[in-house]
Amino acid sequence: MTAYERITVSPIAGALGAEIGGVDIEAGLDDATIAEIRRALLEHLVIFFRDQKLDDRSHKEFSRRFGRLFVHPNFDLGQADPEIVRVVRQPGDERIIGEDWHSDTTMMAEPPMGAILYALEVPPYGGDTLFANQYLAYETLSDGMKAMLAGLKVLHSDIKVAGPHNKLNARRSSKIREDSNWQPTESVHPVVRTHPETGRKCLFVNRSYSIRFDGMTERESAPLLEFLMEHGHRPEFTCRFRWQAGSIAFWDNRCTKHLAVHDAGPFHRRLQRTQIAGDAVM
């Protein structure tokens, strides 16, 4: 475990996740504190902050301390500020953003390295978010499975989560591009990714974007791909975060998956998210 001088770090589960204390993000943070936060992110994969007060400016300024902001192409609807995605859930919504296990935006050639999600309004119960450690997902595979996966790649596409054919805007409050000019974005990534900062290997497939193995059909791919996706969120690989107004979750998108639990019933839920640009998957 890393020693910290400027922040407190309290793990919340055995697999991943830690709450960070001693930080007032709105007040601004010096380089040494930012460096410790980054170390905590690399060590715990997802980190959480409580009782923060952010406006759009401070949210984006904090995010930029970790890299360039990423604009999500399917949430770029001509709004004044496309760098912040408004994540809204209202009573009666049939669907919500992120209700399947996924890593964010992996159809891009360079998927985001991370995301910072800030809670403005949360239900008294329900609406938690689960995270899963994809280092553990890879490390617990058999040697034979690891050898087989070493040369495999997967096609990632946003065909299941955007576009007019899915008709998602009629079933949820957070809107995406459904215009007739929309075209799927697709990239091919290794099944096993090497993290660019830690050098550790992790599983890199997810339900929202992983379609099939490169060079295979969807039917041929389905049995193994289904196993890998289910294996990746075994309970012992996960942590669960209960939101409060003013909470922040900051996850490393390169080595985690997450899921928004769709159980908020009659309550409103309102958050906002920035994404931080990443690198090619190697």
Side-chain angles (χ1 to χ4, degrees), residues 1-70 83-85 87 98 104 112-125 127-136 195-200 237-258 260-261 269-278:
M1 301 287 286
T2 305
Y4 298 93
E5 297 180 355
R6 295 174 175 266
I7 61 176
T8 62
V9 180
S10 304
I12 68 167
L16 76 168
E19 288 201 12
I20 307 300
V23 171
D24 181 355
I25 292 173
E26 186 183 38
L29 304 173
D30 61 23
D31 290 345
T33 302
I34 291 293
E36 288 203 353
I37 291 172
R38 190 174 194 112
R39 280 164 45 206
L41 178 70
L42 294 176
E43 183 173 353
H44 296 281
L45 286 61
V46 56
I47 53 178
F48 308 103
F49 305 81
R50 298 288 192 185
D51 302 318
Q52 301 295 318
K53 295 182 179 179
L54 301 184
D55 56 16
D56 289 1
R57 177 196 55 79
S58 55
H59 189 165
K60 294 200 297 182
E61 284 183 356
F62 178 60
S63 304
R64 286 194 181 101
R65 301 296 297 276
F66 301 93
R68 177 174 52 85
L69 292 188
F70 172 88
E83 293 178 327
I84 293 184
V85 173
V87 181
D104 290 327
M113 66 76 69
I116 298 177
L117 184 61
Y118 172 59
L120 298 162
E121 178 184 3
V122 299
Y125 55 84
D128 295 353
T129 303
L130 280 66
F131 297 87
N133 181 332
Q134 297 309 286
Y135 292 137
L136 289 179
H195 194 288
E197 293 187 72
T198 67
R200 295 176 65 185
F237 301 163
T238 68
C239 71
R240 183 172 185 136
F241 184 63
R242 185 168 187 178
W243 292 92
Q244 301 169 352
S247 296
I248 293 172
F250 180 7
W251 60 90
D252 189 332
N253 194 56
R254 300 164 293 189
C255 56
T256 62
K257 295 193 297 186
H258 59 282
V261 182
R269 184 175 182 268
R270 187 165 55 92
L271 304 92
Q272 62 183 43
R273 183 191 72 186
T274 55
Q275 291 178 281
I276 302 163

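One N or O on the side chain of His59 and one on the backbone of Ile116 form a donor-acceptor pair closer than 3.5 Å. Proximity of a side-chain donor or acceptor of Tyr118 to a complementary backbone N or O of Leu54 within less than 3.5 Å is detected. For Glu36 (side chain) and Arg6 (main-chain N/O), a donor-acceptor pair under 3.5 Å exists by modelled atom type. Listed for the Asp128 side chain is no donor-acceptor partner under 3.5 Å among the backbone atoms of Arg240. A donor-acceptor pair under 3.5 Å is formed between the side chain of Asn133 and the backbone N or O of Ala15.
Expressed to the nearest 0.5 Å, how far CG of Asp252 lies from CZ of Arg38 amounts to 8.5 Å. Interatomic distance, Lys60 NZ to Asp55 CG, rounded to the nearest 0.5 Å: 10.0 Å. Annotation: the span from Leu42 atom CG to Ile37 atom CD1 amounts to 12.0 Å, rounded to 0.5 Å. Within the model, atoms OG of Ser10 and NE2 of His44 stand 9.0 Å from one another, a figure rounded to the nearest 0.5 Å.
Between Thr129 and Phe48 there is no side-chain heavy-atom pair separated by less than 4.5 Å. Trp251 is not listed as a side-chain neighbour of Phe241, based on a closest heavy-atom distance of 4.5 Å or more. Considering only heavy atoms from C-beta on, Phe66 stays 4.5 Å or farther from Thr274 through its side chain. Counting heavy atoms from C-beta on, the side chains of Ile20 and Val9 come closer than 4.5 Å.
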For this session: Step by step, work out the side-chain contact (heavy atoms from CB on, under 4.5 Å) result for Val23 and Phe62.
Result: CA-CA 12 Å; Val23 171; Phe62 178 60; 5.9 Å; no

Exercise. Can Val122 and Arg242 be said to form a side-chain contact (heavy atoms from CB on, under 4.5 Å), step by step?
Worked result: CA-CA 10 Å; Val122 299; Arg242 185 168 187 178; over 6 Å; no

Exercise. Given Phe70 and Met113, is the side-chain contact (heavy atoms from CB on, under 4.5 Å) satisfied, shown in steps?
Worked result: CA-CA 9 Å; Phe70 172 88; Met113 66 76 69; over 6 Å; no

For this session: Quick one: do Phe131 and Leu16 satisfy side-chain contact (heavy atoms from CB on, under 4.5 Å)? Show the steps, please.
Result: CA-CA 8 Å; Phe131 297 87; Leu16 76 168; 4.0 Å; yes

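The minimum heavy-atom distance linking Pro112 with Asn253 is given by the pair O-ND2, 3.0 Å. Closest of all the heavy-atom pairs between Ala119 and Gln244 is CB-O, 3.5 Å. Minimum interatomic distance between Arg50 and Ser247 (heavy atoms only, all atoms of both residues): NH1-OG, 2.9 Å. Scanning all heavy atoms of the two residues, the minimum distance from Ala13 to Cys239 falls at CB-CB, 3.6 Å.
Note: His195 and Tyr135 have tilted aromatic rings, judged against thresholds of 30 and 60 degrees for the angle between ring planes.
Of the residues Thr33, Ile25, Ile34, the one that meets the side-chain contact (heavy atoms from CB on, under 4.5 Å) test with Arg65 is Ile34.
With sequence neighbours excluded, no residue satisfies side-chain hydrogen bond (donor to acceptor under 3.5 Å, both in side chains) with Gln52.
Looking at Arg39 and Glu43, no side-chain N of the basic residue comes within less than 4.0 Å of a carboxylate O on the acidic one, giving no salt bridge.
In the displayed structure, Arg64 atom CZ is contacted under 6.0 Å by more than 12 heavy atoms of other residues, nucleotides or ligands.
In this model, a donor atom of one side chain and an acceptor atom of the other lie less than 3.5 Å apart for Asp104 and His258.
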